[in-house]
Amino acid sequence: MGSRLVAGALVGQLGRRLVSQPSSRMPLWCSALRTVTTVPPPGKAASVAEGGKEQAVASYWGISPSKVTKEDGAEWKWTSFRPGDSYSADLSVDLKKHHVPITAIDKIALRTIKILRVPTDIFFQKRYGCRAMMLETVAAVPGMVAGLLLHLRSLRRFEHSGGWIRALLEEAENERMHLMTFMEVSEPRWYERALVITVQGVFFNAYLLAYILSPRLAHRLVGYLEEEAIHSYTEFLKELDAGRIENVPAPAIAVDYWRLPSDATLRDVVLSVRADEAHHRDVNHFASDIHTHGRQLRDIPAPLGYH
Ligand SMILES: [Fe+2]
Ligand SMILES: [Fe+2]
């Protein structure tokens, strides 16, 4: 009964949205939907008969999103993240750390990333703003894939994840926030958007397969990818310092997300993003090391608390 009600409510909402369109554009089947669905108005309750008794059912559309304010009482305008998701990047992180490849898997991972860098360098050259934005569309994939696979494993095997599901999903979300930030200062061209769609289709499936076959290799790949990201953002900073890229004010989303001062600039944003990438580098090399030592991620607590 419950699922039928949910389905009814959703179909009803869909129907109402569709029938609210101009009649000239209304698909024929919309009118059918309108006649078979009834949904209470937002905030109202519906009455349904269950086993002969009337039972009140709250409408899901009566649920209003919570209103969030900042410390100074101002309303929090972001719907994509909350004050609790914001943090200060650890700028003291060691940027020069490099995992020296020892095993064959390490060498394969490093070689793969170095090869992938060649077309990236050719395509973007010194357009670091665009390069950063485009690379973030790729960088946000591995954490989500790994988190998804560990989630499914946890369900299948009735076992805890050691916090790794959350850590990897946090990484994916952090990378997506990098993208949300860079898209404020860089406008992708049509062929770059097309490239993102193509690359995502290939990379998602390739990484999914890699993680299923060898999580050790998959995490090592990301560790080296993050080393390259640190290099790219260091070059980005050089261009900013040389004045070849304008050091514009930091986007509002970055000021709130990294708790930057209100007069922060793009340079401050890039410093924060680079520190995040160094953290991802360490987390993924750590995860690969755990597998290298024949252990499972769930055996070692995940480094949580830093995105
Ligand atoms: Fe990133
Ligand atoms: Fe990263």
Side-chain angles (χ1 to χ4, degrees), residues 78-81 85 89 109 112-149 167-211 217-237 239-240 245 248 250-254 256-258 266 269-281 283-284 307:
W78 305 106
T79 52
S80 51
F81 68 104
D85 301 322
T112 304
I113 296 301
K114 291 288 181 197
I115 290 170
L116 288 176
R117 187 179 153 182
V118 174
T120 310
D121 284 347
I122 294 169
F123 189 81
F124 292 108
Q125 299 189 354
K126 287 189 179 292
R127 293 186 297 128
Y128 288 103
C130 217
R131 180 189 179 117
M133 185 178 61
M134 300 289 283
L135 289 184
E136 296 298 354
T137 67
V138 172
V141 170
M144 185 59 70
V145 170
L148 166 69
L149 289 174
L168 290 162
L169 293 182
E170 274 182 1
E171 179 188 302
E173 178 64 358
N174 177 242
E175 296 286 17
R176 197 180 64 82
M177 289 303 290
H178 292 175
L179 175 65
M180 297 296 104
T181 297
F182 281 117
M183 73 181 196
E184 296 290 325
V185 291
S186 188
E187 181 66 33
R189 297 162 194 174
W190 69 266
Y191 57 85
E192 289 167 336
R193 287 177 181 270
L195 183 69
V196 168
I197 294 167
T198 309
V199 169
Q200 186 177 92
V202 173
F203 183 71
F204 173 84
N205 288 292
Y207 194 78
L208 180 72
L209 187 63
Y211 205 95
L217 170 66
H219 282 296
R220 191 68 80 205
L221 280 166
V222 177
Y224 286 129
L225 183 69
E226 301 290 355
E227 290 185 17
E228 288 298 331
I230 294 166
H231 170 78
S232 290
Y233 284 116
T234 301
E235 294 300 308
F236 195 157
L237 285 168
E239 294 295 301
L240 278 167
I245 296 177
V248 295
I253 192 170
D256 282 335
Y257 185 63
W258 283 286
L266 179 58
V269 174
V270 175
L271 284 171
S272 297
V273 173
R274 187 175 64 168
D276 289 354
E277 309 300 11
H279 179 72
H280 302 157
R281 171 202 63 193
V283 168
N284 281 279
H307 302 298

- Item | CZ on R117 to OH on Y224, rounded to 0.5 Å | 15.0 Å
- Message: The criterion is side-chain contact (heavy atoms from CB on, under 4.5 Å); which residues satisfy it with A167, sequence neighbours excluded?
- Response: A302, L304
- Query: Who pairs with T234 by side-chain hydrogen bond (donor to acceptor under 3.5 Å, both in side chains), at least two apart in sequence or on another chain?
  - Reply: R274
- Task: Output the distance between atom CZ (R220) and atom CD1 (I113), rounded to the nearest 0.5 Å.
- Result: 12.0 Å
- Query: Which of these, V185, I253, T181, sits in a side-chain contact (heavy atoms from CB on, under 4.5 Å) with V269?
  - Reply: T181
- Message: Could you check whether any side-chain heavy atom of N174 comes within less than 4.5 Å of a side-chain heavy atom of Y257, counting everything from C-beta outward?
- Response: yes
- Query: Would W78 and D85 count as having a side-chain donor-acceptor pair, cut-off 3.5 Å?
  - Reply: no
- Message: With heavy-atom distances below 4.5 Å as the criterion, would you say the side chains of L168 and H219 are in contact?
- Response: yes
- Atom OG1 of T79 and atom CZ of F81: how far apart are they, to the nearest 0.5 Å? 9.5 Å
- Note on the structure: Residues W258 and A89: closest non-hydrogen pair is CD1-CB, 3.9 Å
- Message: Do Y128 and L240 have side chains that approach each other closer than 4.5 Å (heavy atoms only, starting at C-beta)?
- Response: no
- Student check: side-chain heavy atoms of D121 and R131 closer than 4.5 Å: yes
- Message: With rounding to the nearest 0.5 angstrom, report the CG to CZ distance, L195 to R189.
- Response: 12.5 Å
- Residues in salt bridge (Lys or Arg N to Asp or Glu O under 4.0 Å) contact with R127, at least two apart in sequence or another chain: E192
- Item | Contacts of E235 that satisfy salt bridge (Lys or Arg N to Asp or Glu O under 4.0 Å) - sequence neighbours left out | K238
- Worked check of side chain to side chain contact (heavy atoms under 4.5 Å, CB included) between E173 and R176: CA-CA 5 Å; E173 178 64 358; R176 197 180 64 82; 3.0 Å; yes
- Rounded to the nearest 0.5 Å, how far does CD1 of I230 lie from CG of L225? 10.5 Å
- Item | Side-chain donor-acceptor contact under 3.5 Å, H280 with E277 | yes
- Message: What I'd like to find out is whether the side chain of V273 reaches to under 4.5 Å of the side chain of F182, using heavy atoms alone.
- Response: yes
Which atom pairs, one a donor and one an acceptor, fall under 3.5 Å between side chains of residues 136-149 and the rest of the protein, sequence neighbours left out?
residue, atom, partner, partner atom, Å
E136, OE2, H178, ND1, 3.3
E136, OE2, Y233, OH, 2.5
T137, OG1, M134, O, 2.5

- Which pair of heavy atoms, one from R281 and one from G223, lies closest together, and at what distance? CG-O, 3.7 Å
Sequence neighbours left out, cut at 3.5 Å: what donor-acceptor pairs do the side chains of residues 198-210 make with other protein atoms?
residue, atom, partner, partner atom, Å
T198, OG1, A194, O, 2.9
N205, ND2, G201, O, 2.7
Y207, OH, A218, O, 3.2

- Query: Taking C-beta and beyond as the side chain, do E228 and L135 meet within less than 4.5 Å on heavy atoms?
  - Reply: no
- Item | Nearest-0.5 Å distance, CE of residue M177 to OG of residue S80 | 4.5 Å
